[in-house]
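Below: one structure, written as structure tokens.
Counting begins at 1 with the first residue of the sequence.
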Amino acid sequence: MFASSRQQWDDAWPRLDEERHDALRHRQFAGLLEIVVDGLRRRLGSVFTLAELDELYAHAERWVAAAVSDHLPG
């Protein structure tokens, strides 16, 4: 599963970069990415195994949706 998780993460960077033509949208996506990375740090700490990261990533839809909705206005 790690290879799949890594591939999805790697695929996201070019998609974020494609949004540079729209500064507002790019800032919004970058802000969302920061929320996700902060969530990873809180859940994993500073030292973790690839297996722990992969397990957290496998269930990310649930906690990412909650984390992002906590930061959305109204």
How long is the straight-line distance from CG of Asp17 back to NE2 of His26, given to the nearest 0.5 Å? 6.0 Å
Separation of Leu53 CG from Leu44 CG (nearest 0.5 Å): 6.0 Å
Report the distance from atom CD of Glu55 to atom OG1 of Thr49, rounding to the nearest 0.5 Å. 10.0 Å
May I ask whether Leu24 and Ile35 are part of the same hydrophobic cluster, defined by side-chain heavy atoms of I, L, V, M, F, W, Y residues being less than 4.5 angstrom apart, directly or through others? no
When rounded to the nearest 0.5 Å, the distance separating CG of Leu32 from CZ of Arg27 is 13.0 Å
Once you round to the nearest 0.5 Å, how far does CD of Glu18 lie from CZ of Arg25? 10.5 Å
More than 12 heavy atoms of other residues, nucleotides or ligands under 6.0 Å from CD of Glu34: yes or no? no
Do you know the tightest heavy-atom contact between His59 and Trp63? O-CD1, 3.4 Å
What distance separates Arg15 CZ from Phe29 CZ, expressed to the nearest 0.5 Å? 8.0 Å
Passes side-chain contact (heavy atoms from CB on, under 4.5 Å), Leu40 versus Tyr57? Steps please. CA-CA 9 Å; Leu40 285 169; Tyr57 191 81; 5.7 Å; no
